[in-house]
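By convention in this document, chain letters (A, B, ...) are assigned in the order of the sequence lines, proteins followed by strands, and residues within each chain are numbered from 1.
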Amino acid sequence: DTGVSQNPRHKITKRGQNVTFRCDPISEHNRLYWYRQTLGQGPEFLTYFQNEAQLEKSRLLSDRFSAERPKGSFSTLEIQRTEQGDSAMYLCASSPPLSPTTGELFFGEGSRLTVL
Amino acid sequence: GQQLNQSPQSMFIQEGEDVSMNCTSSSIFNTWLWYKQDPGEGPVLLIALYKAGELTSNGRLTAQFGITRKDSFLNISASIPSDVGIYFCAGQDTGNQFYFGTGTSLTVIP
């Protein structure tokens, strides 16, 4: 399978614990995005990497959130001191290098977080 | 972040009917994308549009990139039960940022 891979698919944690999600993008895709999705809403942008550089962060990404893409391949999203409001589906997506016909964004299956 | 206006919010149709949904934005986009999402899964890309006025088909799906670059629509012809799901539009701006619509929930009644 050469699609975007995310793990874990599901995570249940207690409030105050730290959680980390991993994303493996499609190979040769230099752009990687993290989104958060809550029930009944479309995906909301969290952060964006081009290769290993984090180019943009949403105001949704509080100080408790950190994302890395150390070698320009896989990425991790860590949430520290989780709160119940962090419960959501966390989606990773990757996109190939820009060209007039390659603006697609391909999603993984998501990591669902439940904070008790 | 910006969310695009997508309508209708939900649709209940009989199997075999055609479906139309649209998406509008206050900003100009370079790319419009349409996705389908099943419960508990990530969105799956259906169609990508790159030029204003472009009309693209993928099987029973047809989508158009609006001339103003601020809107797009998706049509599904001869709906079948497996078309059930939530459909999202997404636009890509000049900063390579993607913004998503609020979704259209489609129910197909056999």
Side-chain angles (χ1 to χ4, degrees), chain A residues 1 3-7 9-10 21 23 25-26 29-51 53 55-61 88-114, chain B residues 1-10 21 23-25 27-52 54 56 58 63 65 69 72 74 85-106:
Chain A
D1 183 14
V4 178
S5 176
Q6 289 188 248
N7 65 81
R9 290 290 311 279
H10 304 276
F21 300 114
C23 172
I26 295 171
H29 280 195
N30 63 338
R31 293 179 290 153
L32 186 149
Y33 298 76
W34 284 99
Y35 287 84
R36 181 170 70 187
Q37 187 178 29
T38 53
L39 199 62
Q41 299 294 318
E44 293 179 293
F45 170 75
L46 291 179
T47 190
Y48 156 52
F49 291 84
Q50 183 163 302
N51 300 312
L55 296 188
E56 193 170 341
K57 291 169 61 173
S58 164
R59 283 170 290 179
L60 290 175
L61 215 64
M89 174 80 89
Y90 290 86
L91 293 164
C92 176
S94 70
S95 189
L98 281 173
S99 83
T101 58
T102 56
E104 301 99 332
L105 189 64
F106 296 93
F107 281 90
E109 294 183 324
S111 294
R112 178 163 295 285
L113 174 64
T114 301
Chain B
Q2 179 180 180
Q3 284 227 312
L4 309 182
N5 298 312
Q6 191 171 342
S7 66
Q9 186 175 1
S10 61
M21 59 191 78
C23 201
T24 59
S25 167
S27 305
I28 289 174
F29 289 128
N30 294 330
T31 301
W32 280 96
L33 307 172
W34 284 92
Y35 290 86
K36 179 175 183 280
Q37 187 174 28
D38 293 327
E41 303 292 327
V44 174
L45 182 64
L46 299 174
I47 288 182
L49 302 155
Y50 301 106
K51 288 173 55 177
E54 179 182 357
T56 296
N58 178 9
F65 193 139
R69 296 169 63 193
S72 177
L74 175 71
I86 301 178
Y87 291 79
F88 290 101
C89 61
Q92 181 185 25
D93 67 10
T94 53
N96 301 325
Q97 193 49 266
F98 293 87
Y99 298 96
F100 284 80
T102 47
T104 294
S105 175
L106 178 64

Next on the checklist: Heavy-atom pairs under 4.5 Å with chain B - which of Arg9(A), Gln50(A), Gln37(A), Glu56(A) has more of them than the others?
Outcome noted: Gln37(A)
Next on the checklist: Classify the ring geometry of Tyr35(A) against Phe45(A): parallel below 30°, tilted from 30° to 60°, perpendicular beyond 60°.
Outcome noted: perpendicular
Checklist entry - Can you say whether Phe88(B) sits under 4.5 Å from chain A via the side chain, the backbone, both, or neither, judging by heavy atoms? => result side chain
Checklist outcome for this item: If one checks every heavy atom of Leu91(A) against chain B at 4.5 Å, the contacting part turns out to be side chain
Checklist entry - What orientation do Tyr33(A) and Phe98(B) show, parallel under 30°, tilted 30 to 60°, or perpendicular over 60°? => result perpendicular
Item to check | Asp38(B): partners by salt bridge (Lys or Arg N to Asp or Glu O under 4.0 Å), with sequence neighbours left out | outcome: Lys36(B)
Next on the checklist: Is Gln37(B) in contact with chain A via its backbone, its side chain, both, or neither, using a 4.5 Å heavy-atom distance?
Outcome noted: side chain
Checklist entry - Side chains of Tyr99(B) and Ser25(B): does their closest heavy-atom pair fall under 4.5 Å? => result no
